[in-house]
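Each remark here refers to the structure printed beneath this line.
This structure is a prediction, so every number in the text was calculated from the model and none was measured. Scope of the values below: all heavy atoms of this structure, side chains included, with no hydrogens, waters or symmetry mates.
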Amino acid sequence: MSPASRLPLRHDAGLGLERLWSRRAFLGLGLGVGAAATLALAGCTSSAAWVNPDSAAVRDRERQRGGTGKTTAVTLTAASASLDLAGTTAQTFAYGAVPAPIIRLGAGDTLKATVRNQLPVETSVHWHGLALRNDMDGVPPVTQQPIAAGGTFNYEFIAPDPGTYWFHPHVGAQLDSGLYGALIVEDPNEPLAYDDEWVIVLDDWLDGVTATPDQVLAELSRGMGDMGGMGDMFMRMGNTLMGATSDLLGGDAGDVYYPHYLINGKPAADPAQFTGTPGSRVRIRLINAGGDTAFRFAVGGHRLTLTHTDGFPVEPVEVDSVLLGMGERYDLLVTLGDGAFPLVALAEGKRERAFAVVRTGGGEAPAPDVTVTELDSDQVGTAAILTATPGVALDTKTPDREITLTLTGSMTDYDWGINNKRFDPTQPLRDAQPVQAGERVRLLLVNETEMWHPFHLHGHTYQHSDGGPRKDTSIILPKQTLTINFDADNPGQWAAHCHNIYHAETGMMTVIGYQT
């Protein structure tokens, strides 16, 4: 298929984000994460009962973090860009490169990030996973107004916890372009011993090749309708996939067709290269930046030791592969063998893979379609087998508040929501869930749908029940319930949503709001 054209404002034939947004607002359907520039901040129109992002409580909490006094200053320029995909040139948006250059700072340091928007549309930056101050979370219209085309916004906050994080827009479907990068917060008292570190960002890619994310969103929003018996067939229809299934994900694995799957911005036909020495121990910081794809990651001929998930340490577990939903991160240790090995991220259920090469010695490089036996093993790392280390486990405490968030909707009508309500950005606090500072909160995440969802809570880390891991993004399988607990210790208004960008954009989002 010929590359999709890139129109000046990324909206053609009424299918772009701006027109789609207006049409949806008129119909009262709402778009999960995006917002129009004319919307005021949620705090400006909300009841006085809510703690607003610009409140004294938010500023006081930032002062309580203390910090080291050290500052890292960066500039991110969001602009149109070209990405070479092994001979195919994709027109996209990026922060200079795909992924963006890694941002590194120490735990407790302050990040000053100047974001310059040279795009023809609005944008923002969300610092995924960080329990930062509310007014720096980057979520229009909840915590800030979007950064207008040609505008600049200065983010400044203390990064309190060490770990593997990342950043991406929270406006429209921009996450499914090249606007993303890794944010590494280093531990000044790092307990792990290793010889090298690789930051690996996985992505599913279509922008500028088969369509733009806005066009995909418009197509999906029309709904899939009745498959008429075709639902079990694996086939492509436009920008959608039929029959992409995975036992690990409990059925439907995803519904968007991607022509490429990338490792650090490179496709299998032009693979990324990782080099090392035999016997050396490497820490892999693994990030799933995809829009609609879970990845099963493995290194051929090697075992992996899971040490962290979403930035927080777990009791080490040795596995053959690890499964990541969109937005999840895992830290792994691997001891390198001698030779050339495949590093593979299987696009779960979609019959394709991202591919790179690990080389520590001579020999012919493996082919992209090489058999990787670790991917056939049942020793797959997931959150379900992990336990938080004692140092980060929440203390045992009876919850002060219990909230049920039921994930609802279907591909048939593409009416994704929470508690049978679709998020409306014109009324972001309409269905907000109240909490109070100091409470232990229990969330029951009930998936009533036929599809898996990666649930993400902003501004906090929670712990899975029964001593499970500390996380901020978790896979919830179809017809299953995940119970998580968190301490309400970061005042403000916090998004909670599915991290499938197309589910979030069509309504699977809500707000956890602190009340005064």
According to salt bridge (Lys or Arg N to Asp or Glu O under 4.0 Å), does anything in residues 341-350 pair up with another residue at least two apart or in another chain? List the pairs.
Asp292-Lys350, Arg296-Glu348
In a check of side chain to side chain contact (heavy atoms under 4.5 Å, CB included) between Val446 and each of Asn419, Thr406, Thr483, which one passes?
Thr406
Identified side chain to side chain contact (heavy atoms under 4.5 Å, CB included) counterpart of Val282 within the set Val299, Val334, Leu332
Val334
Can you list everything that forms a side chain to side chain donor-acceptor pair (under 3.5 Å) with [X]? Sequence neighbours excluded, please.
X      : result
Ser124 : none
His308 : none
Asp270 : Lys266
Asn490 : Arg65

Pair [X], [Y]: side-chain N/O donor-acceptor within cut-off below 3.5 Å:
X      : Y      : value
Thr114 : Asn154 : yes
Asp137 : His126 : yes
Asp207 : Thr92  : yes

State whether the side chain of [X] and the backbone N or O of [Y] hold a donor-acceptor pair below 3.5 Å, judged by distance alone.
X      : Y      : result
Gln463 : Gly468 : yes
Asn288 : Glu328 : no
Gln174 : Pro213 : no
Tyr155 : Val125 : yes
Trp494 : Ala496 : no
Trp452 : Gly251 : no
Glu219 : Asn239 : yes
His128 : Tyr165 : no
Tyr330 : Gly311 : no
Asn134 : Gln493 : yes

Take atom CG of Asp247 as the centre, draw a 6.0 Å sphere, and report whether it contains more than 12 heavy atoms from other residues, nucleotides or ligands.
no
Quick check on Lys479: does its NZ atom have over 12 non-hydrogen neighbours (other residues, nucleotides or ligands) under 6.0 Å away?
yes
Before accepting this row, confirm whether a basic side-chain N of the pair Arg283/Asp331 lies closer than 4.0 Å to the acidic partner's carboxylate O.
yes
For the ring pair His497 and His499, is the centre-to-centre distance below 6.0 Å?
yes
Residues passing the ring pair (Phe, Tyr, Trp, His ring centres under 6.0 Å) test with Trp416, sequence neighbours excluded, are Tyr414, His453, His503
Taking salt bridge (Lys or Arg N to Asp or Glu O under 4.0 Å) as the test, write out the residues that go with Asp310, two or more places apart.
Arg329, Lys471
Correct closest heavy-atom pair for Tyr180 and Tyr95 would be N-CE1, 3.6 Å
Looking at residues at least two apart in the chain, or sitting in another chain, which of them share a side chain to side chain contact (heavy atoms under 4.5 Å, CB included) with [X]?
X      : value
Pro271 : Gln273, Phe355, Val357
Asp320 : Arg303, Glu374, Ser377, Gln379
Ala384 : Thr382
Asp378 : none

Which side-chain N or O atoms in residues 255-264 pair as donor and acceptor under 3.5 Å with protein atoms at least two apart or in another chain?
from: Tyr258; atom 1: OH; to: Asp176; atom 2: OD2; distance (Å): 2.8
from: Asn264; atom 1: OD1; to: Val201; atom 2: N; distance (Å): 2.8
from: Asn264; atom 1: ND2; to: Val199; atom 2: O; distance (Å): 3.1

